[in-house]
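The structure appears right after this line, and notes come after that.
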Amino acid sequence: MISVITPTYNEKKNLEQLFHKVDNALNHRDYEILLVDDDSPDGTAEKAEELSQDYPVNVFVREKDHGLSQSVIKGFEEAKGDQIVVMDADLQHPPEKIPELIQKLSGSDIAVGSRFKEKDSVEHWKLSRKIINRGAAIPAKIVMYPMRLSDPMSGFFAFNKDAVDSENLDPEGFKILLEILHCNDLDIEEVQFSFGERKSGDSKLGLAEIVEYMEHVGSILFNRLGLTRPQSKRLVNAAEFMGVGATGVLVNSVIFLAAIQNNFHYSIAGGLAFLGALQWNFFWNREITFSKSTKSFKHQYTYFFLVNLGGFAIYEILLFVLIGLLNVWEPAANIAAIFGGFLLNFFGSEKLAFE
Ligand SMILES: Nc1nc2c(ncn2[C@@H]2O[C@H](COP(=O)(O)OP(=O)(O)O)[C@@H](O)[C@H]2O)c(=O)[nH]1
Ligand SMILES: [Mg+2]
């Protein structure tokens, strides 16, 4: 049996055509569609239930822990088939290609639909779109090396159920294919397909998905280098925190210089710069580093503020100890003191403000 998993969020208008085309493609074969919906407000699940009179569709509605990868994993757990197909519901993945994917499974573990296997397949795309799509795949290609993959970001693929272990899959990333390939040693085949335009509704790709993708790639990289998965994620968060902090130094400098130019005393200028950078760091860490936090805004802000005051105090104390008492070379002492402040800020923010 073939199980076709399709994750959905607000895809009501695409379902009828999708089911019809999948049915045509798999006509004389034993198959099921598992539609895993994240409680879409547009009535996707109701529409799918209605259509299940005419097509072999099972509908699963997930009320919490929303996410594309989690939805695919749910489908995987429920699938009865020994061959699994994963595809989007918006008709960007052509159902007519399913038989070719399945056919490849006789000689391999996974068949990946690729937009870029043959050079000219996205000829009609604008140059900017081509560059963005190809560029986005580069980090994934690097961490997956030496795996040979022309389209590691693809969401259209088929695999033999026995070849993949769903237990180890970490559902955090938006790109479940990367996770499957990272956690399992698979023989891969690629099948060229041409990526259609979305028929109806909107893409859900936004800043949160881009951040999640980069985090996912980072955690795969550290995991491949030998850290455990939780350690890898932690390190990714620390790197994000550091990156935000580095931009915060720029914000600090701009405010400081502007205040000095306007004849403020340097201590006032320093205070304003510290407060300004703190807002900046809070905003971006909330958006990027700790975007999964469920604490209230007030809680996050209060503790972030206090932790940063503490970090600043540690920085000053370390400067005093290293330079004043131990006579350490000043630039080196400064770096060490920054590092001390950073550790307190990072762990304090993680444990007190956002966890
Ligand atoms: N269950 C579930 N499905 C999602 C979620 N986000 C996107 N999808 C579905 O995943 C597929 C691909 O999403 P889409 O926004 O078209 O991504 P794009 O093609 O990269 O722009 C579509 O079938 C969406 O309905 C989500 O958070 N949960
Ligand atoms: Mg799409």
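Every heavy atom of this structure was used, including side-chain atoms; hydrogens, water molecules and symmetry mates were not. Order of appearance sets the numbers: ligands from 1, and atoms from 1 within every ligand. Count residues from 1 along the sequence.
For H93 and F193, the gap between ring centers is short of 6.0 Å.
Here the protein contributes D90 OD2, Q92 OE1 as N, O or S atoms under 2.8 Å from the Mg ion (ligand 2).
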N/O to N/O under 3.5 Å, ligand 1 against protein:
unit_1, atom_1, unit_2, atom_2, d
ligand 1, 1 (N), T8, O, 3.1
ligand 1, 1 (N), V36, O, 3.3
ligand 1, 1 (N), D38, OD2, 3.4
ligand 1, 1 (N), S71, OG, 2.8
ligand 1, 3 (N), T8, N, 3.4
ligand 1, 3 (N), T8, O, 3.4
ligand 1, 15 (O), K204, N, 2.7
ligand 1, 16 (O), D90, OD2, 2.7
ligand 1, 16 (O), R198, NH2, 2.6
ligand 1, 19 (O), Q92, OE1, 2.9
ligand 1, 21 (O), S203, OG, 2.5
ligand 1, 23 (O), P7, O, 2.9
ligand 1, 23 (O), A89, N, 2.9
ligand 1, 25 (O), Y9, N, 2.9
ligand 1, 25 (O), E11, OE2, 2.5
ligand 1, 28 (N), D38, OD2, 2.6

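Between E179 and R229, at least one side-chain nitrogen of the basic residue sits less than 4.0 Å from a carboxylate oxygen of the acidic one, meeting the salt-bridge criterion. Classification of R198 and E11 as a salt-bridged pair holds, one side-chain N sitting under 4.0 Å from a carboxylate O. The residues R62 and D38 are annotated as salt-bridged, a charged nitrogen and a carboxylate oxygen being separated by less than 4.0 angstrom.
Distance alone, capped at 3.5 Å, is enough to place a donor-acceptor pair between the N160 side chain and the L105 backbone. In this structure, the side chain of K204 engages the main chain of Y9 through a donor-acceptor pair within 3.5 Å.
Residue F346 is tested with F354, F339, F241 for a ring-ring contact (aromatic ring centres under 6.0 Å, His included); the sole match is F241.
Side chains of T8 and T44: no donor on one and acceptor on the other come within 3.5 Å.
Counting heavy atoms from C-beta outward, F282 and Q300 have side chains that approach closer than 4.5 Å.
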